[in-house]
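Report on the following structure.
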Amino acid sequence: MSLLVRKLAPSELDWANSKYKEIDFLPSPDSDFVAVAEIHGIAAGLGRVTKVAPGVGELGGMYVFPEHRGTGISKSLIQFLIAESALEILYCLPFEHLYSLYESAGFRVCQPGTLVPPRVLDKQTWCNAHYSKSVLLMCRASGSNVI
Ligand SMILES: CC(C)(COP(=O)(O)OP(=O)(O)OC[C@H]1O[C@@H](n2cnc3c(N)ncnc32)[C@H](O)[C@@H]1OP(=O)(O)O)[C@@H](O)C(=O)NCCC(=O)NCCS
(Lines give C-alpha, C1' and ligand atoms only; values in the text may rest on other atoms or scores of the structure.)
Protein backbone atom coordinates (compact mmCIF):
# COMPACT_ATOMS: atom_id res chain seq x y z
CA MET A 1 0.00 0.00 0.00
CA SER A 2 1.47 3.37 -1.01
CA LEU A 3 0.23 5.75 1.71
CA LEU A 4 1.09 9.45 1.70
CA VAL A 5 -0.11 11.87 4.38
CA ARG A 6 0.26 15.55 3.54
CA LYS A 7 -1.02 18.97 4.52
CA LEU A 8 -4.23 19.92 2.71
CA ALA A 9 -3.83 22.78 0.21
CA PRO A 10 -6.06 25.84 0.84
CA SER A 11 -7.74 25.20 -2.53
CA GLU A 12 -8.89 21.76 -1.24
CA LEU A 13 -10.68 23.07 1.86
CA ASP A 14 -14.15 23.18 0.28
CA TRP A 15 -13.74 19.57 -0.82
CA ALA A 16 -12.59 18.54 2.69
CA ASN A 17 -15.58 20.30 4.24
CA SER A 18 -17.93 18.55 1.83
CA LYS A 19 -16.46 15.23 3.06
CA TYR A 20 -16.94 16.30 6.70
CA LYS A 21 -20.55 17.18 5.92
CA GLU A 22 -21.12 13.57 4.81
CA ILE A 23 -20.59 12.40 8.39
CA ASP A 24 -22.06 15.40 10.20
CA PHE A 25 -18.67 16.78 11.35
CA LEU A 26 -18.22 20.54 11.69
CA PRO A 27 -16.44 22.27 8.78
CA SER A 28 -12.86 23.45 9.20
CA PRO A 29 -12.08 27.18 9.01
CA ASP A 30 -9.02 28.35 7.01
CA SER A 31 -7.02 28.48 10.24
CA ASP A 32 -7.17 24.71 10.89
CA PHE A 33 -4.17 22.52 10.10
CA VAL A 34 -5.83 19.84 7.94
CA ALA A 35 -4.13 16.64 6.75
CA VAL A 36 -5.19 14.37 3.91
CA ALA A 37 -4.15 10.73 3.48
CA GLU A 38 -3.77 9.38 -0.04
CA ILE A 39 -3.37 5.84 -1.30
CA HIS A 40 -1.78 5.67 -4.74
CA GLY A 41 -2.76 9.34 -5.15
CA ILE A 42 -6.43 8.78 -4.23
CA ALA A 43 -7.78 10.62 -1.17
CA ALA A 44 -8.54 8.12 1.60
CA GLY A 45 -8.99 10.16 4.79
CA LEU A 46 -8.77 13.45 6.65
CA GLY A 47 -7.77 14.76 10.07
CA ARG A 48 -7.15 18.20 11.57
CA VAL A 49 -5.75 20.25 14.41
CA THR A 50 -7.50 23.41 15.58
CA LYS A 51 -5.28 25.81 17.53
CA VAL A 52 -7.08 26.84 20.72
CA ALA A 53 -4.34 28.78 22.56
CA PRO A 54 -0.60 29.45 22.09
CA GLY A 55 1.09 26.02 21.86
CA VAL A 56 -2.22 24.22 22.41
CA GLY A 57 -4.51 22.51 19.92
CA GLU A 58 -7.41 20.12 19.54
CA LEU A 59 -6.80 17.14 17.27
CA GLY A 60 -9.88 15.74 15.60
CA GLY A 61 -11.88 15.48 12.41
CA MET A 62 -10.57 11.96 11.90
CA TYR A 63 -12.40 10.55 8.91
CA VAL A 64 -11.16 7.57 6.92
CA PHE A 65 -13.39 6.96 3.93
CA PRO A 66 -15.30 3.67 4.30
CA GLU A 67 -13.52 1.73 1.55
CA HIS A 68 -10.10 2.45 3.13
CA ARG A 69 -10.77 1.54 6.76
CA GLY A 70 -8.92 -1.06 8.80
CA THR A 71 -5.45 -0.56 7.33
CA GLY A 72 -3.93 1.89 9.80
CA ILE A 73 -4.69 5.14 7.96
CA SER A 74 -6.14 6.89 11.01
CA LYS A 75 -3.01 6.03 13.01
CA SER A 76 -0.85 7.55 10.26
CA LEU A 77 -3.00 10.69 10.15
CA ILE A 78 -2.76 11.08 13.93
CA GLN A 79 1.04 10.66 13.91
CA PHE A 80 1.37 13.19 11.08
CA LEU A 81 -0.83 15.75 12.86
CA ILE A 82 1.06 15.36 16.15
CA ALA A 83 4.42 15.82 14.40
CA GLU A 84 3.53 18.53 11.91
CA SER A 85 1.26 20.73 14.03
CA ALA A 86 4.24 21.00 16.44
CA LEU A 87 2.08 22.03 19.39
CA GLU A 88 3.13 21.25 22.95
CA ILE A 89 -0.29 20.20 24.19
CA LEU A 90 -3.02 18.51 22.20
CA TYR A 91 -6.53 17.68 23.35
CA CYS A 92 -8.90 15.38 21.55
CA LEU A 93 -12.57 14.49 21.90
CA PRO A 94 -12.88 10.94 20.57
CA PHE A 95 -15.95 8.79 20.54
CA GLU A 96 -15.69 6.50 23.57
CA HIS A 97 -15.27 3.31 21.53
CA LEU A 98 -12.08 4.77 19.97
CA TYR A 99 -10.29 5.24 23.31
CA SER A 100 -7.55 2.68 22.45
CA LEU A 101 -6.74 4.32 19.13
CA TYR A 102 -5.93 7.64 20.80
CA GLU A 103 -4.30 6.02 23.83
CA SER A 104 -1.87 4.24 21.48
CA ALA A 105 -0.85 7.70 20.18
CA GLY A 106 -0.05 8.93 23.70
CA PHE A 107 -3.37 10.57 24.65
CA ARG A 108 -4.68 10.05 28.19
CA VAL A 109 -8.09 10.79 29.68
CA CYS A 110 -7.90 14.23 31.34
CA GLN A 111 -8.16 13.86 35.08
CA PRO A 112 -10.85 15.82 36.96
CA GLY A 113 -9.47 19.20 37.99
CA THR A 114 -7.19 19.50 34.94
CA LEU A 115 -7.21 23.01 33.50
CA VAL A 116 -8.70 22.63 30.02
CA PRO A 117 -9.20 25.54 27.57
CA PRO A 118 -12.87 26.64 27.65
CA ARG A 119 -13.07 26.21 23.88
CA VAL A 120 -12.29 22.50 24.23
CA LEU A 121 -14.78 22.07 27.08
CA ASP A 122 -17.47 23.87 25.07
CA LYS A 123 -16.81 21.58 22.10
CA GLN A 124 -17.07 18.48 24.30
CA THR A 125 -20.43 19.71 25.62
CA TRP A 126 -21.60 20.40 22.06
CA CYS A 127 -20.45 16.95 20.82
CA ASN A 128 -22.13 15.12 23.69
CA ALA A 129 -25.38 16.97 22.97
CA HIS A 130 -25.13 16.57 19.19
CA TYR A 131 -23.97 12.96 18.70
CA SER A 132 -25.61 9.82 20.01
CA LYS A 133 -22.19 8.39 20.96
CA SER A 134 -20.47 9.65 24.07
CA VAL A 135 -17.28 11.72 23.62
CA LEU A 136 -14.22 11.49 25.90
CA LEU A 137 -11.82 14.30 26.82
CA MET A 138 -8.21 13.20 26.29
CA CYS A 139 -4.92 15.09 26.23
CA ARG A 140 -1.31 14.61 25.22
CA ALA A 141 1.76 16.62 26.17
CA SER A 142 4.97 16.54 24.15
CA GLY A 143 8.44 16.20 25.72
CA SER A 144 8.63 17.30 29.34
CA ASN A 145 5.39 19.27 29.29
CA VAL A 146 2.93 18.24 31.99
CA ILE A 147 -0.79 18.85 31.90
C1 LIG B 1 -12.60 5.71 13.33
C2 LIG B 1 -11.88 5.73 12.00
C3 LIG B 1 -11.21 7.08 11.79
C4 LIG B 1 -10.80 4.64 12.03
O5 LIG B 1 -10.04 4.70 10.84
P6 LIG B 1 -9.15 3.46 10.32
O7 LIG B 1 -8.14 3.99 9.38
O8 LIG B 1 -10.05 2.39 9.85
O9 LIG B 1 -8.44 3.00 11.66
P10 LIG B 1 -7.07 2.19 11.72
O11 LIG B 1 -7.07 1.12 10.67
O12 LIG B 1 -5.93 3.18 11.71
O13 LIG B 1 -7.21 1.52 13.13
C14 LIG B 1 -6.55 2.05 14.22
C15 LIG B 1 -7.02 1.37 15.48
O16 LIG B 1 -8.33 1.84 15.80
C17 LIG B 1 -9.17 0.75 16.05
N18 LIG B 1 -10.51 1.02 15.54
C19 LIG B 1 -10.82 1.44 14.31
N20 LIG B 1 -12.16 1.55 14.18
C21 LIG B 1 -12.68 1.14 15.38
C22 LIG B 1 -13.99 1.00 15.89
N23 LIG B 1 -15.07 1.31 15.15
N24 LIG B 1 -14.15 0.58 17.16
C25 LIG B 1 -13.07 0.28 17.94
N26 LIG B 1 -11.80 0.38 17.51
C27 LIG B 1 -11.62 0.80 16.25
C28 LIG B 1 -8.57 -0.41 15.29
O29 LIG B 1 -8.92 -1.63 15.92
C30 LIG B 1 -7.09 -0.16 15.35
O31 LIG B 1 -6.51 -0.69 16.52
P32 LIG B 1 -5.32 -1.77 16.44
O33 LIG B 1 -4.22 -1.13 15.63
O34 LIG B 1 -4.96 -1.98 17.86
O35 LIG B 1 -5.92 -2.93 15.74
C36 LIG B 1 -12.86 5.42 10.82
O37 LIG B 1 -13.56 4.23 11.11
C38 LIG B 1 -13.86 6.54 10.53
O39 LIG B 1 -13.56 7.45 9.76
N40 LIG B 1 -15.06 6.48 11.17
C41 LIG B 1 -16.09 7.51 10.95
C42 LIG B 1 -15.73 8.85 11.58
C43 LIG B 1 -15.31 8.72 13.02
O44 LIG B 1 -15.96 8.09 13.85
N45 LIG B 1 -14.19 9.38 13.35
C46 LIG B 1 -13.60 9.33 14.67
C47 LIG B 1 -14.01 10.51 15.45
S48 LIG B 1 -13.35 10.41 17.11
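Because only heavy atoms are used, hydrogens play no part in the values below, and waters and symmetry mates are left out as well, while side chains stay in.
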Nearest-0.5 Å distance, [atom1] of residue [X] to [atom2] of residue [Y]:
X	Y	atom1	atom2	result
Arg108	Thr114	CZ	OG1	13.5 Å
Leu98	Met62	CG	CE	10.0 Å
Tyr63	Arg69	OH	CZ	6.0 Å
Gln124	Cys92	CD	SG	10.5 Å
Leu26	Lys21	CG	NZ	12.5 Å
Met138	Tyr102	CE	OH	9.5 Å

Which atom names give the shortest non-hydrogen contact between [X] and [Y], and what distance separates them?
X	Y	result
Leu90	Phe107	O-CE2, 3.5 Å
Ala35	Val5	CB-CG1, 4.2 Å
Ser104	Lys75	OG-CE, 3.8 Å
Leu8	Ala16	CD2-CB, 3.8 Å
Val135	Cys127	CG2-CB, 3.8 Å
Leu115	Tyr91	O-OH, 3.3 Å

For [X], which residues count as a side-chain hydrogen bond (donor to acceptor under 3.5 Å, both in side chains) partner, sequence neighbours excluded?
X	answer
Asp24	His130
Tyr131	none
Ser28	Asp32, Arg48
Glu38	Arg6

### Query
Passes side-chain contact (heavy atoms from CB on, under 4.5 Å), Leu93 versus Leu137? Steps please.
CA-CA 5 Å; Leu93 300 165; Leu137 173 58; 3.7 Å; yes

### Message
The criterion is salt bridge (charged side-chain N to carboxylate O under 4.0 Å, His left out); which residues satisfy it with Lys19, sequence neighbours excluded?
### Response
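With neighbours one apart ignored, the set is Glu22.
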
Set of residues satisfying side chain to side chain contact (heavy atoms under 4.5 Å, CB included) with respect to [X], sequence neighbours excluded:
X	result
Ala43	Trp15, Val36, Phe65
Pro112	none
Thr71	Met1, Ile73
His40	Ser2

#### Entry: Side chains of Leu101 and Pro94 in contact at under 4.5 Å (non-hydrogen atoms)
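Not in contact.
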
### Task
Just grab all the salt bridge (charged side-chain N to carboxylate O under 4.0 Å, His left out) pairs involving residues 110-128, residues at least two apart or on different chains.
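Every salt bridge (charged side-chain N to carboxylate O under 4.0 Å, His left out) pair that includes a residue of residues 110-128, provided the two are not neighbours, is Glu58-Lys123.
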
### Query
Counting only heavy atoms not in Ile23, do more than 12 sit closer than 6.0 Å to its CD1 atom?
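Above 12, so yes.
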
### Shared hydrophobic cluster, Ile89 / Leu121 (ILVMFWY, side-chain heavy atoms < 4.5 Å)
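Result: yes, single cluster for both.
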
### Query
Can you pull the ring-ring contact (aromatic ring centres under 6.0 Å, His included) pairs that have at least one residue in residues 19-39, sequence neighbours excluded?
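Listed by first then second residue: nothing to list.
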
Which atom pairs, one a donor and one an acceptor, fall under 3.5 Å between side chains of residues 77-86 and the rest of the protein, sequence neighbours left out?
| unit_1 | atom_1 | unit_2 | atom_2 | d |
| --- | --- | --- | --- | --- |
| Ser85 | OG | Leu81 | O | 2.6 |

